[in-house]
Amino acid sequence: MKKILTFILVFYFLILLQNSLLSYFKVFGAIPNLILISVILATFFEREKVIFEPEQNLSILSAFFGGFFLDIFSNRPIGLSIISLLLLVFILKKILKISETENILWCIFIFVFSIFLFKFFSFLAVGLINFPFSLKGFLSLFPEYFSNSTGAEIVYNLILGILGYYLLELQNIIQGKHRITNTK
Amino acid sequence: MRFYKKNKILIIVVAILFILSLNFFQKPVKNFFYLASSPVQKFFCRIGENISKFSEKIRKIEELKEESEELKLRNQELLAEIVSLKELKTENKILRQALGLGLQKEFKLALAEVIGKEILEDSILINKGKKDGIAKDMPVITCQKFLIGKISEVYKDFSRVMLISSKEACFDVQIYQKDIKGVVKGKGSLNFFLDLIPQDKEISNEDIVITSAFGGVFPKNLLVGKIKRIKISDIEPFQQAEISPFFDIKELESVFIITNH
């Protein structure tokens with residue numbers, strides 16, 4: 001319960017940071033999505049049984065609370081980001097369960113793939129809630145979602161993600177915990 | 001915990017439904033969060049603004065620095081241009097003077113700048129050399145047709161001019177508008193004198209000495225100087241006279257080399 005409360009506070013802090021301070025640090029029109037980065041990292045580290053125990057399903061909780069705060073501080077209906085993040089965590093968990101690779105390039109690929117996937121889910125969600133649904137209107141949203149700043153967004157998120165990854169790794173080392181890969 | 005494990009999906013679905021139901025009160029819910037977060041958000045915004053302003057200032061300082069460097073460079077370029085234009089102006093003035101005297105009709109000339117003056121050796125260094133077609137013994141004059149000397153040494157880009165006051169200088173002259181011929185010899189230290197004037201010939205102070213074609217060292221009618229003081233001695237077979245040069249070595253900045261003599 002203590003961990004859940006910490007999670008809520010951390011995500012609340014992150015969304016405030018993202019929506020206020022980071023809006024002054026745009027790079028090619030892109031702002032990093034700290035919530036998304038945190039959810040991906042939580043899924044990663046949950047697999048490794050180091051900081052987060054899989055039994056606690058903290059990746060799902062992070063997706064839940066992260067998504068909730070993302071929706072609260074945006075003009076989207078509450079629940080869309082939650083569903084997008086939950087779907088992302090679900091897919092990511094499946095992929096990580098199959099793959100046992102620890103290669104950094106693989107991690108980067110997973111990270112980029114996750115960012116794309118989340119963007120695609122958000123695009124789907126926003127497109128589908130527009131009633132009455134029209135395919136033309138839905139497709140017209142595509143360029144808006146995958147504009148020129150997408151590349152910058154990916155790179156920005158990736159850099160912060162790698163930074164977060166190594167910070168958590170460092171915490172592992174400080175705590176003297178060893179990496180135990182969750183195998184079948 | 002066991003209940004959670006067994007009904008994990010059910011819990012998630014209920015939670016999602018609960019969250020979705022919040023959409024019915026979307027505005028008050030969001031308003032509550034915005035109200036609660038506004039002090040923190042304002043604080044973060046202020047920090048962001050300050051950092052942004054600071055980085056903007058740094059960027060502007062960098063820009064100003066670059067601009068200042070560019071302006072300095074431009075200033076230097078303009079200064080160099082001014083110097084070059086002044087040089088051209090002087091050169092133009094000299095050439096105009098030369099044109100006025102009709103020098104270009106009489107001789108083929110090459111303009112050179114004086115870059116060194118060695119008064120003790122009675123020589124000057126000019127910035128024209130072998131690659132400009134300069135050769136040894138070419139006469140050197142000013143734009144007013146005053147005789148300076150002749151080329152004594154030629155380098156690739158420079159030449160040394162032996163002044164007519166050099167101890168080695170010796171050439172035939174005549175007195176202007178008088179049929180009196182003589183020889184000018186250098187004494188060194190910018191002094192030279194007229195020699196070999198027969199005793200029966202009458203010369204006077206302020207008489208103008210010009211070169212004669214005799215001897216072929218210099219072309220005729222170049223201005224050498226004015227008679228300053230005449231030395232008459234009964235025991236000497238010839239008259240001698242000190243000559244004051246027409247040119248002032250201190251003001252000598254550019255000269256002409258006669259390349260077709």
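Chain identifiers are assigned alphabetically (A, B, ...) following the order of the sequence lines, protein sequences preceding nucleic acid strands; residue numbering begins at 1 within each chain. What you are looking at is a predicted structure, and each value in this text was computed from that prediction instead of being measured. Computation of the quantities below employed the complete heavy-atom set of this structure, encompassing side-chain atoms and omitting hydrogens, waters and symmetry-equivalent molecules.
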Item to check | More than 12 heavy atoms of other groups within 6.0 Å of B:Lys167 NZ | outcome: no

Next on the checklist: Are more than 12 heavy atoms, taken from residues, nucleotides or ligands other than B:Phe33, located less than 6.0 Å from that residue's CZ atom?
Outcome noted: yes

Checklist entry - Residues of residues 148-166 of chain B under 4.5 Å from chain A (heavy atom pairs)? => result none

Next on the checklist: Can you list the residues of residues 37-58 of chain B that sit under 4.5 Å from chain A, counting heavy atoms only?
Outcome noted: B:Ser37, B:Val40, B:Gln41, B:Phe44, B:Cys45, B:Ile47, B:Gly48, B:Glu49, B:Ile51, B:Ser52

Next on the checklist: Which atoms of A:Phe69 are under 4.5 Å from chain B, going by heavy atoms: the side chain, the backbone, both sets, or neither?
Outcome noted: side chain

Item to check | B:Phe146/B:Phe256 aromatic ring centres below 6.0 Å | outcome: no

Checklist entry - Is the distance between the ring centroids of A:Phe45 and A:Tyr165 under 6.0 Å? => result yes

Next on the checklist: Go through it in stages, so that I can follow the logic: the residues are A:Leu14 and A:Ser38, the test is side chain to side chain contact (heavy atoms under 4.5 Å, CB included), and I'd like the CA-CA distance, side-chain angles, deciding distance and then a yes or no.
Outcome noted: CA-CA 9 Å; A:Leu14 287 178; A:Ser38 308; 3.1 Å; yes

Next on the checklist: Any non-hydrogen side-chain atom of A:Phe111 less than 4.5 Å from a side-chain atom of A:Leu41?
Outcome noted: yes

Next on the checklist: Can you confirm whether B:Leu109 sits close enough to B:Ile257 that some side-chain heavy atom of one is under 4.5 Å from a side-chain heavy atom of the other?
Outcome noted: no

If you compare all heavy atoms of [X] against all heavy atoms of [Y], which two are closest, and at what distance to 0.1 Å?
| X | Y | value |
| --- | --- | --- |
| A:Pro32 | A:Leu22 | CG-CD1, 3.7 Å |
| A:Ala42 | A:Ser62 | CB-OG, 3.8 Å |
| A:Ala63 | A:Val89 | CB-CG2, 3.7 Å |

Next on the checklist: If you count heavy-atom pairs within less than 4.5 Å of chain B, which of A:Ile15, A:Ile82, A:Leu17 leads?
Outcome noted: A:Leu17

